[in-house]
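This structure is a prediction, so every number in the text was calculated from the model and none was measured.
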Amino acid sequence: MLKQNQIASAPLNVAGSTCDALMPFNGDLLGRKATAEILTGYIDRLKVGAVIAIDAPWGEGKTWLGRNWANFLRKSNRKTIYIDAFQQDYVSDPFLLIASEIAQLLEGDESTKLAFIDKAATVGKAILPAAAKLLVDGVGRFALGTAGLSETISSEMKSIVSELGGITETMVAEKIQDYDKEKNSIASFRKLLASYAEKQPNPVVIFIDELDRCNPRFAVSLVERIKHFFEVQNIVFVLLINRTQLEGAVRGVYGSETDASTYLGKFIHLGLSLPNPRTGGEIGFNRIQQYVNKVLSNFTIEQYDNSINGFVDALPHFAIDYKLSLRDIERACALFVLSGCRYGALMAHLVSLKLKYPDLFGRVRAMNRSACGEVSDLLKNFAEQFQPGNSTWHKSNLNVLSSAYRSLDGEISIDVKPDDQSNYRNFFGHGDWKLVMESANRALDLPMDF
């Protein structure tokens with residue numbers, strides 16, 4: 001058991017798994033390395049270039065897969081870029097962000113790098129809004145790595161306001177006259193980029209992560225910029241996304257009636273779903289259990305006792321029932337530790353309920369009778385629609401808990417079948433089960449009765 005001072009010092013949120021650049025996929029518990037190896041085989045055959053989307057809900061480990069996969073590719077001397085779009089969505093245009101990262105990839109080939117930066121700056125001036133173009137030669141080139149901030153940039157920034165007032169019909173006429181020039185500059189930029197990429201023995205891989213967390217206009221613009229400016233042979237973009245959220249961004253930009261899935265289909269050549277360990281039967285269950293053990297190992301726990309073992313045995317089952325994400329599982333373990341590592345299997349259910357249905361948990365914590373009835377029905381439904389990977393032992397657990405909540409709802413005696421007695425004790429021990437339930441509920445939140 002944890003000592004009180006150990007509980008107080010335990011972190012509320014378990015930090016995500018770190019990525020070892022020298023040992024990619026070190027500590028891989030979910031078979032992600034095998035997934036990356038399959039994906040690498042796909043990429044090696046995409047000499048014509050492509051945009052691949054790896055889709056999974058938030059909290060399912062897309063970033064961990066992406067960063068480890070990028071390190072895996074770098075170890076085999078492949079040209080690889082990793083962009084966290086959410087950290088960079090303040091950039092005026094995604095074109096500058098992607099071009100800047102590619103410029104860094106060209107380190108060591110100064111002539112190609114300088115030519116690329118020059119052409120990228122020219123394209124940047126063509127696509128940025130009129131006022132922002134004033135900054136391309138200064139800030140734009142600075143972002144691309146060829147200039148430092150100077151008084152010239154400062155004066156250009158100060159002149160934006162006055163320049164805005166000069167946008168007249170003359171500028172429209174100039175834009176029409178410059179159309180062919182801009183079109184040629186874009187073609188020249190793509191040609192130089194393609195020439196560099198085609199010299200590489202393997203496709204250049206550009207990962208873009210956290211796109212679905214960005215400002216919707218920035219996220220949609222980034223996908224469009226890839227299509228218009230960077231889609232060349234031997235360059236493969238890998239988008240790590242929650243597609244549902246990205247489709248929402250498309251509708252936010254172009255209107256709620258937009259067919260967002262079809263629209264994204266114009267830009268994404270291959271959409272793949274990240275394997276979900278919860279649907280992998282017994283193998284998936286074992287992987288989740290290993291993950292629970294790994295997360296708990298990040299806390300200072302002297303030794304496992306019956307309560308902790310009960311939690312480790314039960315949480316993977318409830319994770320499958322409640323469809324908890326990997327991030328949810330991490331938080332479930334943190335809540336269990338902070339609650340004092342008590343009540344084992346019962347706490348595995350309560351933390352799952354709290355994370356998935358926080359409002360319902362709050363009502364149960366207040367011993368609301370109708371809420372207890374809702375949880376009873378929920379557990380009964382889990383038992384009737386038994387998920388692959390869960391054991392028959394867990395089905396008995398669900399029946400015991402459902403009966404307990406139904407008893408709380410109707411103030412009737414709990415109905416425990418003889419075959420379920422051991423499962424009953426697993427949840428409530430030999431004490432008053434109502435007192436155990438109330439105490440476990442209180443342990444998951446700060447006490448309000450002091």
Side-chain angles (χ1 to χ4, degrees), residues 43 46-52 78-83 85 88-89 91-147 153 156 171 174-208 211 217-239 266-269:
I43 285 176
L46 292 172
K47 298 289 186 179
V48 295
V51 178
I52 299 175
R78 299 165 188 260
K79 298 293 185 181
T80 306
I81 294 171
Y82 199 96
I83 299 174
Q88 309 291 337
D89 73 348
V91 176
S92 58
D93 191 283
F95 172 84
L96 286 178
L97 170 61
I98 299 173
S100 300
E101 294 290 345
I102 293 175
Q104 300 305 311
L105 197 65
L106 299 176
E107 292 287 351
D109 187 350
E110 289 304 310
S111 61
T112 301
K113 180 179 179 180
L114 291 174
F116 176 82
I117 290 171
D118 183 65
K119 293 184 184 299
T122 302
V123 172
K125 285 195 290 186
I127 64 176
L128 292 178
K133 290 179 185 179
L134 297 173
L135 303 178
V136 171
D137 285 326
V139 176
R141 291 177 186 273
F142 172 73
L144 291 167
T146 62
I153 296 174
E156 286 177 341
M171 293 189 67
E174 291 176 352
K175 183 70 176 177
I176 294 173
Q177 293 172 0
D178 288 343
Y179 174 72
D180 284 339
K181 184 188 300 183
E182 292 176 355
K183 186 168 65 172
N184 290 335
S185 69
I186 292 171
S188 179
F189 169 80
R190 287 170 60 97
K191 182 178 180 181
L192 177 63
L193 181 60
S195 176
Y196 164 77
E198 288 171 1
K199 294 176 183 176
Q200 308 308 314
N202 300 106
V204 177
V205 183
I206 302 177
F207 291 88
I208 299 182
L211 187 59
R217 190 165 297 279
F218 182 89
V220 174
S221 178
L222 189 148
V223 174
E224 294 171 344
R225 292 297 190 238
I226 291 174
K227 175 73 173 180
H228 296 148
F229 302 105
F230 299 96
E231 192 176 276
V232 301
Q233 291 195 3
N234 221 34
I235 291 185
V236 175
F237 283 85
V238 177
L239 310 182
K266 298 177 181 179
F267 304 96
I268 297 173
H269 301 103

Aromatic contact, Tyr196 with Phe116 (centres under 6.0 Å): no
Beyond-backbone contact of Leu193 with Phe230, side-chain heavy atoms, under 4.5 angstrom: yes
Nearest-0.5 Å distance that lies between atom OH in Tyr82 and atom CD1 in Ile208: 10.5 Å
Verdict with supporting geometry, Leu46 and Ile52, side chain to side chain contact (heavy atoms under 4.5 Å, CB included): CA-CA 10 Å; Leu46 292 172; Ile52 299 175; 3.7 Å; yes
Gap separating the CD1 atom of Ile186 from the CZ atom of Arg190, nearest 0.5 angstrom: 9.0 Å
Partner set under side-chain contact (heavy atoms from CB on, under 4.5 Å) for Ala115, not counting sequence neighbours: Leu192
Side chain to side chain, Lys47 and Pro203, heavy atoms closer than 4.5 Å: yes
Side-chain heavy atoms of Ile117 within contact of Leu106, under 4.5 Å: no
Separation of Ile98 CD1 from Gln88 CD (nearest 0.5 Å): 11.5 Å
Flag side-chain contact, heavy atom, 4.5 Å: Leu239 against Ile226: yes
Spatial distance of atom CD (Glu110) from atom NZ (Lys113) [nearest 0.5 Å]: 5.5 Å
From Leu105 atom CG to Ile81 atom CD1, the distance as rounded to the nearest 0.5 Å: 4.5 Å
Glu231 to His269 - nearest heavy-atom pair and separation: OE1-CE1, 3.3 Å
Point-to-point distance, once rounded to the nearest 0.5 Å, from CG of Asn234 to NZ of Lys79: 12.5 Å
Phe207/Phe237 aromatic ring centres below 6.0 Å: no
